[in-house]
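Structure, as structure tokens:
Every chain is numbered from 1 and lettered A, B, ... according to where its sequence line falls, protein lines coming before strand lines. These figures come from a predicted structure and were not determined experimentally.
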There are 2 protein chains.
Amino acid sequence: MLHDEVVNRIRAILLDGEIPPGARIPERELCERLEISRTPLREALKVLAAEGLVQLLPHRGSRAAKLTDKDMRDLFEVCQGLEALAGELACERISDAEIDAIAAAHADMVQHYRERDLIQYYRGNRAIHEAIVTAAGNPVLAGLYASVTARIRRARYVTPMTAQRWALAVKEHEAILNALQRRDGVGLAHILRAHLRHKREEVLQAGFAETEGNDVTLRIA
Amino acid sequence: MLHDEVVNRIRAILLDGEIPPGARIPERELCERLEISRTPLREALKVLAAEGLVQLLPHRGSRAAKLTDKDMRDLFEVCQGLEALAGELACERISDAEIDAIAAAHADMVQHYRERDLIQYYRGNRAIHEAIVTAAGNPVLAGLYASVTARIRRARYVTPMTAQRWALAVKEHEAILNALQRRDGVGLAHILRAHLRHKREEVLQAGFAETEGNDVTLRIA
DNA sequence: GAGCTCTGTTTTGAATGCAAAAATGAACTT
DNA sequence: AAGTTCATTTTTGCATTCAAAACAGAGCTC
């Protein structure tokens, strides 16, 4: 198994919440499961620590990173900035074919909204945002975006998605698609910022906080 | 020696250009120099690879990453976005004391400009930009910024800093300080973007490209 | 009975050893 | 002489080993 693959598999385990935030990472167990020895496992853990997904405590092993409200806020803030930048760049560089693909994904997502299928809706949502970042044509940006969204997503949350909020989100997405089609970079950046600000408010208002007593209620498998 | 320290020392070696871009990283030699064995060294190299400073080639060792024109452009683009975001946030959160400190650093830098001391000027310049990022009060942002600027700086370049360009840069810095003092986030973001765009143009126009034949002329020790 | 100390166990972090892959280079072919 | 092939050397990547640090728990002190 290649180094990157080891990193990705452990990342997936963390993102899936299989090792909950704050929990110790069982070195020996993971070694057996991935059928590797401690050396490559530890290399991967250091990489993930640099990414912010794992916390290393000298002589006390590694734990799955636990996010505070502040961390979450910071991550959203940066995510906003990155998406806004991606939106602007995407408008300059996106091809008609890419716009069509995003329009299709958007229609798909709206359909899931109509069916009130939250999971599929989220999936479609994510695909659109990722497509915009990809369309920006900047791998450095894409890399940072992936790292930030991974950390956010790792804290699996379910916001109490009210009908109003959901409707608003869909409306915003329509505006996003519209701005893209008009290739209105500045407008798109603004909409994306507002969109994420709303998302953040939802999440934080829902009482996100990965503290001892408060992390079970909001987590889904 | 602690893990992070190993990473930092190797990072410093790379940033200092002691191992030029594209060059093989001599594992054995570095081990002797840092007085560590291969295990911790290799852990550090994987971390630096995740950061983008080192390139790992399976079964062929690691090399100091080499940046193309495109990489450089991408890095500057992201850097612009991050600084603009930092500027906006800083205006919301910066304390009077921090503003005073930046004003002092600015005066210092202007003095170096008057003395035409480019090295000191660059140093002061960097300190101001870093202070703004710090003032944004967002460690996630600060971390990404550090990673991006490290990669940019690693490609040590000397742009043919003409009198006009230098004067313009100083003028822009005055506007930056001014916007900060007025706590004009949007304005500051704009100025920072323009400032970095100019910087990028300088660097790229100067013919940056870490290709085989073209990497000596522009590098300083 | 609460708290401290000391000892045995576990776990961590790093050095070493070993198998496999790549680089080197000498001999050979054309 | 240029290119190819094969054996030798070097380097890489990982498993294992080893010392030191943290942990756990029994016994001791007060």
Side-chain angles (χ1 to χ4, degrees), chain A residues 1-14 17-66 143 154 210-212, chain B residues 1-14 17-66 143 154 210-213 215:
Chain A
M1 184 152 46
L2 213 57
H3 164 73
D4 279 339
E5 206 186 322
V6 176
V7 174
N8 285 333
R9 286 197 54 184
I10 302 174
R11 204 202 322 265
I13 290 173
L14 291 169
E18 212 174 313
I19 297 176
R24 271 186 66 142
I25 293 174
E27 258 186 33
R28 189 152 299 282
E29 225 174 274
L30 265 186
C31 285
E32 286 168 21
R33 175 158 162 196
L34 303 183
E35 291 175 305
I36 54 176
S37 78
R38 283 179 58 224
T39 307
L41 178 80
R42 288 169 53 77
E43 283 172 357
L45 288 178
K46 306 243 159 153
V47 169
L48 291 167
E51 269 181 42
L53 282 173
V54 165
Q55 194 178 2
L56 298 177
L57 301 126
H59 293 286
R60 286 187 193 184
S62 36
R63 315 181 83 82
K66 187 186 284 191
R154 189 185 136 290
E210 291 189 330
T211 42
E212 315 306 315
Chain B
M1 183 153 47
L2 215 57
H3 163 74
D4 279 340
E5 207 187 323
V6 176
V7 175
N8 286 333
R9 287 196 55 185
I10 302 174
R11 203 199 325 261
I13 290 173
L14 291 169
E18 212 174 312
I19 298 176
R24 273 185 64 138
I25 293 175
E27 259 187 30
R28 191 151 298 283
E29 225 174 274
L30 265 185
C31 284
E32 284 167 25
R33 174 158 163 198
L34 302 183
E35 291 175 306
I36 54 176
S37 76
R38 284 179 56 222
T39 307
L41 178 81
R42 288 168 53 76
E43 283 172 357
L45 288 178
K46 306 246 157 147
V47 169
L48 291 167
E51 269 180 42
L53 281 173
V54 165
Q55 194 178 2
L56 297 178
L57 302 127
H59 293 287
R60 287 185 195 184
S62 36
R63 313 181 84 82
K66 188 185 285 192
R154 188 184 138 289
E210 290 188 333
T211 40
E212 316 305 315
D215 61 334

A:R9: partners by side chain to side chain contact (heavy atoms under 4.5 Å, CB included), with sequence neighbours left out: A:M1, A:L34
Interatomic distance where CZ belongs to B:R28 and P belongs to D:dT10 [whole Å]: 11 Å
For B:R60, side chain to side chain donor-acceptor pair (under 3.5 Å) partners two or more places apart: none
Steps toward side-chain contact (heavy atoms from CB on, under 4.5 Å) verdict (B:I13, B:L30): CA-CA 10 Å; B:I13 290 173; B:L30 265 185; 3.8 Å; yes
Close side-chain approach of B:L53 and B:I10, heavy atoms under 4.5 Å: no
Salt bridge (Lys or Arg N to Asp or Glu O under 4.0 Å) involving B:E27 - partner list, sequence neighbours excluded: B:R38, B:R42
Interatomic distance where CG belongs to B:L56 and P belongs to D:dT11 [whole Å]: 18 Å
Whichever of B:I25 and A:I36 has its nearest DNA chain D nucleotide further upstream toward 5': B:I25
Leading and trailing nucleotides of DNA chain C with any atom under 4.0 Å from heavy atoms of chain B: C:dA14 to C:dA23
Interface with DNA chain C, restricted to residues 38-52 of chain B and to heavy atoms under 4.0 Å: B:R38, B:T39, B:P40
Any side-chain heavy-atom pair of A:T39 and A:E43 under 4.5 Å: yes
Contacts of type side chain to side chain donor-acceptor pair (under 3.5 Å), residue A:Q55, not counting sequence neighbours: none
Counterpart residues, salt bridge (Lys or Arg N to Asp or Glu O under 4.0 Å), relative to A:R33 (two or more places apart): A:E18
B:N8: side chain to side chain donor-acceptor pair (under 3.5 Å) partners, not counting sequence neighbours: B:R11
Partners meeting side chain to side chain contact (heavy atoms under 4.5 Å, CB included) with A:P58 (sequence neighbours left out): none
Which residue lies more 5' along DNA chain D, comparing A:E35 with B:S62 via nearest heavy atoms: B:S62
Nearest-Å distance for atom pair CZ/P, residues B:R63 and D:dT12: 11 Å
Whole angstrom value for the distance that separates C1' of D:dT12 from CG of A:L2: 13 Å
Nearest-angstrom distance from the residue atom CG of A:L34 to P of D:dA15: 11 Å
Using nucleotides 22-24 of chain D, report all nitrogen or oxygen pairs with the protein that are shorter than 3.5 Å.
none

Side chain to side chain contact (heavy atoms under 4.5 Å, CB included) against A:A49, all qualifying residues, sequence neighbours excluded: A:V54, A:L56
